[in-house]
Every structure is written in structure tokens, then in C-alpha cells.
Amino acid sequence: CRQLVVEMTWRGADVLDEPTTPADLAANAITLPDPPAAGEHFPLTVQVSLPENATAPTSGVTLSQPLTFTFSA
């Protein structure tokens with residue numbers, strides 16, 4: 001759905017330069033700034049919302065977005 005808006009927060013900072021759509025995220029890899037060290041735990045917050053000007057056909061839509069995390073040393 002191109003009307004959904006996605007925002008991501010990591011360690012209290014925005015991960016994305018600006019809110020984006022699920023379709024844009026699916027087409028691009030995101031690199032977390034300041035990745036965790038071994039044994040560290042930090043939440044990654046993903047917020048999905050609809051803009052105020054969303055159209056009626058968006059009502060009742062279900063969205064599924066797989067998340068893939070790749071860790072490297």
C-alpha cells in the first residue's frame with residue numbers, strides 16, 4: 001500500500017531520512033547506525049501509520065511485511 005507511512009527508530013534516533021512506504025523499504029536495504037556489540041540488546045521501533053489524507057479504499061486493508069535482519073562482524 002503506497003499510502004502507509006513507515007518510520008523507524010533505533011537508539012533514540014530516526015533510522016530513515018524521512019518517513020517512507022513499505023514498498024520503498026522492500027526495495028532497499030537499511031543499515032542501522034551504531035550497530036550493537038555482541039550481547040547488547042536495543043529495541044528497533046517500527047511505526048506504521050496512515051496520513052490524514054488517506055483515501056477510503058485503505059479501510060480494512062491488511063498488510064504483511066517480512067523483516068530480514070543480516071548481522072555481520
Side-chain angles (χ1 to χ4, degrees):
C1 178
R2 294 241 174 238
Q3 291 190 49
L4 286 174
V5 176
V6 179
E7 298 176 80
M8 300 172 97
T9 305
W10 168 253
R11 294 187 187 229
D14 291 330
V15 173
L16 306 170
D17 293 334
E18 59 186 35
T20 190
T21 65
D24 290 336
L25 286 175
N28 298 291
I30 303 297
T31 301
L32 293 177
D34 193 18
E40 284 187 301
H41 300 271
F42 291 96
L44 169 68
T45 303
V46 179
Q47 180 177 325
V48 181
S49 60
L50 285 169
E52 291 181 14
N53 63 349
T55 60
T58 306
S59 176
V61 171
T62 300
L63 175 72
S64 173
Q65 179 70 46
L67 297 176
T68 303
F69 294 92
T70 303
F71 297 94
S72 60

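For the pair L4/L50, a side-chain contact is recorded, criterion being any heavy-atom separation below 4.5 Å from C-beta on.
Pairs engaging residues 12-22 under the salt bridge (charged side-chain N to carboxylate O under 4.0 Å, His left out) rule: none recorded [sequence neighbours left out]. Applying the salt bridge (charged side-chain N to carboxylate O under 4.0 Å, His left out) test to pairs two or more places apart or on separate chains, those with a residue in residues 36-49 are R11-E40.
Listed here is the closest heavy atom pair of L16 and I30: CD2-CD1, 3.6 Å.
T31 contributes atom OG1, which lies 13.0 Å from atom CG of D34 (distance to the nearest 0.5 angstrom).
Among residues two or more places apart in sequence or in another chain, the side chain to side chain contact (heavy atoms under 4.5 Å, CB included) test is passed with L32 by W10, V15, L44. Contacts of T20 classified as side chain to side chain donor-acceptor pair (under 3.5 Å), with partners at least two apart in sequence or in another chain: D24.
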